[in-house]
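As a basis for the values below, the full set of heavy atoms in this structure was taken, side chains included, without hydrogen atoms, waters or symmetry mates. We name chains A, B, ... by the order of the sequence lines, and we start the count at 1 in each one.
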Amino acid sequence: MYFYDTYTREKREFVPLKPGEVGLYTCGPTVYNFAHLGNMRTYIFEDLLRRTLEFNGFQVKHVMNITDVGHLTSDADTGEDKMEKGSRRTGMTAWQIADFYTAEFRKDMARLNIVEPTIWSRATDHIKEQIEFIRCIEAAGYTYQTSDGVYFDTSKLPTYGYLGRLDIEGLQAGMRIDMGEKHNPTDFALWKFSPGDQKRQMEWESPWGVGFPGWHIECSAMSAKYLGSFFDIHCGGEDHITVHHTNEIAQTEACYGTRLANFWMHAYFLQLDDSVRMSKSSGDFLRVETLVEKGYDPLAYRMFCLNASYRQKLNFSWEGLDAAAKSLDRLRAISHELGDPSVVDEDYLDRFSEMVDDDLNMPRAIALVWELVRSDLPEGVRKATLLKFDTVLGFGLADWKPSVEEAPAEVVALLTQRQQARAEKRWQDADALRDQITADGWELMDTPEGPKLKPRK
RNA sequence: GGCGACGUGGCCAAGUGGCAAGGCAAGGGUCUGCAAAACCCUGAUCACGGGUUCAAAUCCCGUCGUCGCCUCCA
């Protein structure tokens, strides 16, 4: 297998650190609001990665964090905690918010056929680990304290910013962030003190004072706990390259001297057609629920994503989603008509493996799917091979069945009349009756097995 | 202002040195009383201008255009 590693900026062969096992850490949601389709693109990518690893026979230990504290509204470390802000907005407590949006997130994952991680880890369940991690960094001499928190001194780490190829000088020059009491623009909070004049909903005792952990420390602490100080793959969205992941690496380098993960993989952004930013903070955004409300199967969005490379920005449009929905419908129908699976075709399987193992080249894998289903292999072989592919693609083809909706009695009556008219070759009457049925919202098809009705879309 | 990415048929999108995948749409055809569905067939020389090379969509330079990050973001 070959994956593109952001750290080295090259596609290189993936070899697990421990034979047969893979430690995978994927940055999860900050649960202060719903996840939008852009977020879900990243989770779909990670799902494909996970499925591909398992397809190759690896045992994957997959950890996903739930950020339920400490993620500020600004990376300048001066902003408000997102959870507290969400609490004000909704009237729920910070804890209720976290539970609510975590549940919503898992619902969206399920609707997109995303496999759940082996371990969910909530930041607030690991305060002790995070404090210990900060102490480790402090003992190594990389911290300093200001009036509002404990900070990481990035100037003491020569390798700081390597992942993002940060131009520190340039950052200083074009700086647009409020430094506060920080020594360097890239320094970041490890622990923030609760404001003296108010009590936060989420706060804990620490050696430095009552407060809460910074956003980046949770990933270093929790990944170390579950996967060790150096594990196989760490994933996230492209926006995490320059700040979040850079800081995670800094923390772990300070404490353990490793760059945290052997491979760093990042999914690129989904962009909206009209160039409207799809950020959580803009308030109005597309999410899985939006698709459902519009009558789309969420898996159409999965198909939409699989048609493009994860390392390329992808433009979302309703036209594009329609195309994906249509092709998914066809694939499902074809799959269903292929009947029962027999044996997998080894040649197709080899070609498929080569594609997905080449940095998850899903567009090519999908193209191979079409070639397979239209090949002249026996139906059972095509079906068996397709289902094998689907363990990676994740369309749930094995379980799909055409929906059988009963037409209302009046429509059935019209159909009966039409059959009568046809039998008597009164074609005009037959056509008029079909128009009537169409107007009632049903599509009529004459098949070798007789007429069939299905709801019009 | 700093950094970076991209520009492939009507739309989306693979391919990154050796005859340009796939999906959706469109046109033609088979089937059908008609239609639908299904199936078959058809189309791009890769923004533009130079250069390197036996050979470039793929490498280099320039121009134009679009977009992203540097501020919350996956």
Side-chain angles (χ1 to χ4, degrees), chain A residues 26-30 32-33 35-46 71-76 78-80 82 85 164-167 169-178 185-186 215 235-244 266-273 275 277-283 285 303-304 306-331 333-334 337 355 358 361-371 374 421-422 425-428 430-431 434-435 438 443-448 451-452 454 456:
Chain A
T26 57
C27 278
T30 300
Y32 70 108
N33 206 333
H36 57 59
L37 288 185
N39 299 130
M40 299 320 289
R41 181 188 188 198
T42 296
Y43 300 117
I44 287 172
F45 145 68
E46 289 160 354
H71 196 165
L72 304 183
T73 55
S74 160
D75 267 339
T78 53
E80 190 178 5
K82 288 183 172 181
K85 187 180 176 186
R165 304 293 191 269
L166 292 188
D167 170 11
E169 305 279 311
L171 275 175
Q172 308 259 18
M175 199 169 55
R176 278 163 45 179
I177 50 176
D178 180 4
T186 48
W215 173 37
C235 301
E238 59 164 320
D239 55 312
H240 282 166
I241 296 171
T242 54
V243 179
H244 185 49
H266 297 92
Y268 281 68
F269 274 174
L270 180 78
Q271 291 171 193
L272 279 187
D273 219 7
S275 309
R277 273 303 280 302
M278 195 186 305
S279 70
K280 282 192 181 182
S281 47
S282 72
F285 48 83
M303 175 63 95
F304 177 79
L306 294 218
N307 252 319
S309 159
Y310 79 88
R311 276 202 300 123
Q312 204 70 51
K313 62 187 162 71
L314 174 62
N315 295 305
F316 180 85
S317 68
W318 294 108
E319 294 75 17
L321 188 65
D322 284 339
K326 195 73 187 285
S327 72
L328 177 61
D329 280 348
R330 286 194 175 151
L331 183 60
I334 289 170
E337 283 163 18
M355 290 164 184
D358 179 18
N361 195 329
M362 295 304 151
R364 271 202 170 176
I366 296 285
L368 187 67
V369 164
W370 293 111
E371 187 184 324
R374 285 165 185 163
R422 290 185 73 206
K425 295 195 190 299
R426 290 184 282 111
W427 305 125
Q428 284 195 340
D431 289 348
R434 184 179 52 208
D435 289 345
T438 305
E443 188 172 320
L444 174 59
M445 290 164 294
D446 292 321
T447 73
K452 282 186 180 172
K454 75 172 188 183
R456 285 170 66 207

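Using a 4.0 Å heavy-atom distance criterion, A:Ala308 is classed as a sugar-phosphate-only contact. Nucleic acid contact for A:His266: none, since no nucleic acid atom lies under 4.0 Å from a heavy atom of the residue. In this structure, A:Gly236 reaches the sugar-phosphate backbone alone: every heavy-atom distance under 4.0 Å involves primed, P, OP1 or OP2 atoms, never a base.
Annotation: side chain of A:Phe304 is in contact with side chain of A:Leu270 (closest heavy-atom distance under 4.5 Å). No side-chain heavy atom of A:Tyr268 sits under 4.5 Å from any side-chain heavy atom of A:Leu314.
As a whole-Å value, the separation of A:Asp239 CG from B:A5 C1' is 15 Å. Separating the CD atom of A:Glu238 from the C1' atom of B:A5 is a distance of 9 Å, rounded to the nearest angstrom. Whole-Å rounding puts the A:Met355 CE to B:A13 C1' distance at 15 Å. Atom CG of A:Leu321 is separated from atom P of B:A13 by 13 Å (rounded to the nearest Å). Rounded to an integer number of Å, the gap from A:Lys313 NZ to B:A5 P is 12 Å. Here B:A13 presents its P atom at 15 Å from CD1 of A:Ile366, a figure rounded to the nearest Å.
At B:C11, none of the side-chain N or O atoms of A:Asn315 fall inside 4.0 Å of OP1 or OP2 (strictly under the cut-off).
A:Asp358 is linked by a salt bridge (Lys or Arg N to Asp or Glu O under 4.0 Å) to A:Lys11, counting only residues two or more places apart in sequence or in another chain. Among residues two or more places apart in sequence or in another chain, the ring-ring contact (aromatic ring centres under 6.0 Å, His included) test is passed with A:His266 by A:His245. Here A:Tyr43 pairs with nothing under the side-chain hydrogen bond (donor to acceptor under 3.5 Å, both in side chains) rule; sequence neighbours left out. In this structure, A:Arg165 has no salt bridge (Lys or Arg N to Asp or Glu O under 4.0 Å) partners at least two apart in sequence or on a different chain. For A:Asp239, the salt bridge (Lys or Arg N to Asp or Glu O under 4.0 Å) criterion is met by no residue, not counting sequence neighbours. For A:Asp322, the side-chain hydrogen bond (donor to acceptor under 3.5 Å, both in side chains) criterion is met by A:Tyr296, not counting sequence neighbours. A:Glu337 pairs by the salt bridge (Lys or Arg N to Asp or Glu O under 4.0 Å) definition with nothing, not counting sequence neighbours.
Rounded to whole Å, the P atom of B:U58 lies 15 Å from the corresponding atom of B:G9. Nucleotides B:C59 and B:G1 place their C1' atoms 31 Å apart, quoted to the nearest Å. To the nearest whole angstrom, the two P atoms, one in B:A14 and one in B:C6, are 11 Å apart. B:C64 and B:A26 have their P atoms separated by 39 Å, with the value rounded to a whole Å. With P as the reference atom, B:C24 and B:G51 are 42 Å apart, rounded to whole Å. When the P atom is compared between B:A55 and B:U63, the two are found 26 Å apart, to the nearest whole Å. Across B:A57 and B:C3, the matching C1' atoms stand 26 Å from one another, rounded to whole Å. A gap of 31 Å separates the C1' atoms of B:C11 and B:U32, to the nearest Å.
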Footprint string (nucleotides 32-41 of chain B, 5' to 3'): B base within contact, S backbone only, - free, heavy atoms under 4.0 Å: -BBBB-SS--
Within the 4.0 Å limit for protein heavy atoms, which parts of nucleotides 15-20 of chain B are touched? Write it as a string from 5' to 3', B for base, S for sugar-phosphate only, - for none. S-----
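Set against B:G23, B:A74, B:G22, the side chain of A:Ser327 has B:G23 as its closest nucleotide. Of the candidate nucleotides B:G22, B:A74, B:C12, B:C12 has the atom nearest to the side chain of A:Phe304.
In this structure, B:U52 forms no base pair with any nucleotide, since neither Watson-Crick nor G-U wobble geometry is met with both distances under 3.5 Å.
Closest of all the heavy-atom pairs between A:Trp370 and A:Ser327 is CH2-O, 3.5 Å.
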